[in-house]
Number of protein chains: 2
Amino acid sequence: MDNDEQAFLADYDPTRFERPSFTVDLVIFTVRDESLRVLLVRRDEHPARGCWALPGGFVDIHRDATIDDCAQRKLLEKTGVAAPYLEQLATYGSRDRDPRYWTATTVYFALLGASALAPEQDPARVRWWPVQGCGVATPLAFDHGRILADAVARLRNKLEYTHIAVHLLPETFTLPELQRTYELILQQPLDKSSFRRRVTEAALLEALPGRFRDSPGRRRPAQLYRFRHYDRETFFPRSLARYAR
Amino acid sequence: MDNDEQAFLADYDPTRFERPSFTVDLVIFTVRDESLRVLLVRRDEHPARGCWALPGGFVDIHRDATIDDCAQRKLLEKTGVAAPYLEQLATYGSRDRDPRYWTATTVYFALLGASALAPEQDPARVRWWPVQGCGVATPLAFDHGRILADAVARLRNKLEYTHIAVHLLPETFTLPELQRTYELILQQPLDKSSFRRRVTEAALLEALPGRFRDSPGRRRPAQLYRFRHYDRETFFPRSLARYAR
DNA sequence: GAAATAGTGTCTATCAGACATTATGGC
DNA sequence: GCCATAATGTCTGATAGACACTATTTC
């Protein structure tokens, strides 16, 4: 860096222009009690006070080195989970989405395994809402309803060509459980044989020999599996098929 | 909106917190002279003065109603093209990507048909750089090299399951031209028969009867086609195959 | 052994890749 | 008529969807 550049930077006033407000929001999914669920918080401040909303907030430019770090930090604060599946969804920015000012928010979506969940806090303020269709059974603050719909669509879409659903299960799980997770999210029954072929041929699961899951009322127990390595680059071939019946 | 909320909004001071700087950048692609090209501008200000960079800049919260509008406006300013293919790529935000301050930038990528291009301006300041591999033959400012690599990867990926390549051609084009465009971007020869089957079965092209493209040196002229309607939801089935030979 | 769930085998329609063949127009 | 390019035909291996079947456990 030459002297000229140093002088320029010393002179630079970053508040010279009116700038949009920038936040990070999270769509946090898990599967519990036979449904896909999303973590929402009730707003106790204006605007949209009393409405349910996606968790999120401002970047802390002193604590967060990157927006990914910011999303990770907010997730940890909300759920106590440190290393989940976390992926950037999209950025929504406009003059009207918040009545206060021009805002942009970068939205991440996270998948949490049911076993990793911290116990639910005050259910009047933080709640796992079941996803029905493309949203939840309550109107959301700002444009969060549309954001949630986009996140659900992305999740469904990615189920078809990746293995991300394993991140919604506990560390060990059975193939019927995995299939059930797919069916809950896609809202569609799948063919067992084709599903198993697809999963086993991908060779990403590791059978835990001799171990079975106990579940009351079940008849024959199922083989337990563990996820081997998650590789974002491993996709299913012939992606669109869903084994729908 | 009740009185309480009005009072809250009147009181609100949006400059209370230190916030990141927020910009919009563009990766503008076209195909010309047998190569995929990206529009870069030479920076004449610090930092990274003299480096080539993606076009972009601050959101104008008075003129731009949304970030999409902002991207559209910047594209129009740079290229004179009003309604191209424009899609949000991702948002990059961190403390270090700009030495001045914590910045976030939402990046869009655009595809321009060769016929729509405004004549090149001052080539010392604005230039269509050929894409080689995942980037260009000059280092870029900030993290723009990485952003460009991501955009190229996304473009290649989307070629495999969508029809977006038609946006890189003039309004009318022949199937050999379309195939050549695919081959240039994917950097791989494709099988003619399979390619044509794929394109024609999608039924998105309309043959212009009796019209042929003149091109010196060519022997048999080819049928001209026009793109019917671009439908973002129409994908190719069995997407991953590339007809590679 | 009945019931229920876990898990396997196999047939078939579809389709992508490969490559051969025909068609057409410029020279 | 020759040649280069455009366009079509066809064979085949792979695979997803369908569904029947076997296996194993609880009661």
Side-chain angles (χ1 to χ4, degrees), chain A residues 34 159-163 169 172-183 186 188-203 205-226 234-245, chain B residues 34 159-163 169 172-183 186 188-203 205-226 234-245:
Chain A
E34 289 285 290
L159 276 204
E160 300 196 11
Y161 62 95
T162 68
H163 299 80
L169 289 167
T172 63
F173 52 87
T174 67
L175 292 192
E177 285 172 338
L178 183 59
Q179 181 174 348
R180 185 77 190 125
T181 302
Y182 270 80
E183 290 175 339
L186 294 177
Q188 198 170 37
L190 302 179
D191 181 81
K192 181 169 53 169
S193 173
S194 301
F195 180 82
R196 297 172 74 94
R197 181 170 54 210
R198 169 173 168 132
V199 169
T200 52
E201 280 175 6
L205 300 186
E206 184 181 3
L208 304 180
R211 301 181 58 197
F212 300 92
R213 157 115 357 179
D214 266 350
S215 169
R218 294 305 235 209
R219 298 306 173 103
R220 176 177 172 184
Q223 180 68 239
L224 266 185
Y225 286 86
R226 181 170 55 192
T234 303
F235 297 135
F236 290 114
R238 296 205 182 178
S239 57
L240 278 182
R242 295 191 187 196
Y243 316 124
R245 307 206 61 151
Chain B
E34 288 286 290
L159 276 203
E160 301 197 10
Y161 62 95
T162 68
H163 299 80
L169 289 167
T172 62
F173 52 88
T174 67
L175 293 191
E177 284 172 339
L178 183 59
Q179 180 174 349
R180 186 76 190 125
T181 302
Y182 270 80
E183 290 175 339
L186 294 177
Q188 200 169 35
L190 303 178
D191 181 83
K192 181 170 53 172
S193 173
S194 303
F195 180 83
R196 297 173 74 95
R197 181 169 55 209
R198 169 174 166 132
V199 169
T200 52
E201 280 175 6
L205 300 186
E206 184 182 3
L208 305 178
R211 302 181 59 198
F212 299 92
R213 156 108 6 172
D214 265 350
S215 168
R218 292 307 232 208
R219 300 304 175 102
R220 175 178 172 181
Q223 180 67 239
L224 266 185
Y225 287 85
R226 181 168 56 190
T234 302
F235 297 134
F236 290 114
R238 295 205 182 180
S239 57
L240 278 183
R242 294 188 186 198
Y243 318 124
R245 306 207 62 150

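Below, read A as the first sequence line, B as the second, and so on, with proteins coming before strands; counting in each chain starts at 1.
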How long is the span from the OH atom in A:Tyr225 to the CG atom in A:Leu175, to the nearest 0.5 Å?
->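 Going from OH on A:Tyr225 over to CG on A:Leu175, the span is 4.5 Å.
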Inter-residue atom distance B:Leu208.CG - B:Thr172.OG1, 0.5 Å rounding =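 OG1 of B:Thr172 is found 6.5 Å from CG of B:Leu208.
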Return the value, rounded to whole Å, for the distance between atom [atom1] of [X] and atom [atom2] of [N].
X: A:Lys192; N: D:dA16; atom1: NZ; atom2: C1'; value: 17 Å
X: A:Arg180; N: C:dA6; atom1: CZ; atom2: C1'; value: 16 Å
X: B:Tyr182; N: C:dA16; atom1: OH; atom2: P; value: 13 Å
X: A:Leu224; N: C:dA6; atom1: CG; atom2: P; value: 12 Å
X: A:Phe195; N: D:dT15; atom1: CZ; atom2: C1'; value: 17 Å
X: B:Gln179; N: D:dT5; atom1: CD; atom2: P; value: 13 Å
X: A:Arg198; N: C:dG7; atom1: CZ; atom2: C1'; value: 19 Å
X: A:Glu201; N: D:dT15; atom1: CD; atom2: P; value: 7 Å

Distances for protein N/O vs nucleotides 22-24 of chain D N/O pairs under 3.5 angstrom?
{"unit_1": "D:dA23", "atom_1": "N3", "unit_2": "A:Arg220", "atom_2": "NH1", "d": "2.7"}
{"unit_1": "D:dT24", "atom_1": "O4'", "unit_2": "A:Arg220", "atom_2": "NE", "d": "3.3"}
{"unit_1": "D:dT24", "atom_1": "O4'", "unit_2": "A:Arg220", "atom_2": "NH1", "d": "3.4"}

Write out a two-atom table: protein N or O, nucleotide N or O from nucleotides 9-12 of chain D, distance below 3.5 Å.
{"unit_1": "D:dG9", "atom_1": "O6", "unit_2": "B:Ser193", "atom_2": "OG", "d": "2.4"}

Please examine the side chains of B:Phe195 and B:Asp191, heavy atoms only from C-beta on, and report whether any two atoms are closer than 4.5 Å.
->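 In short, these two side chains do not touch, never coming nearer than 4.5 Å.
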Student check: side-chain heavy atoms of A:Gln179 and A:Pro189 closer than 4.5 Å =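 Side chain of A:Gln179 against side chain of A:Pro189, heavy atoms only: no contact under 4.5 Å found.
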B:Arg180: partners by salt bridge (Lys or Arg N to Asp or Glu O under 4.0 Å), with sequence neighbours left out |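 B:Glu34, B:Glu183.
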Using side chain to side chain contact (heavy atoms under 4.5 Å, CB included) as the criterion, list what pairs up with A:Arg220, not counting sequence neighbours.
->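 A:Arg220 satisfies side chain to side chain contact (heavy atoms under 4.5 Å, CB included) with no other residue.
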Nearest non-hydrogen partners of B:Tyr182 and B:His163, listed with the distance =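 Between these two residues, the closest heavy atoms are OH-CA, 4.0 Å.
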Those residues that, when tested against B:Gln223, pass side-chain hydrogen bond (donor to acceptor under 3.5 Å, both in side chains) (two or more places apart) =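 With sequence neighbours excluded, B:Gln223 shows a side-chain hydrogen bond (donor to acceptor under 3.5 Å, both in side chains) to no residue whatsoever.
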Not counting sequence neighbours, which residues clear side-chain hydrogen bond (donor to acceptor under 3.5 Å, both in side chains) with B:Glu201? List them please.
->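 Here no residue qualifies.
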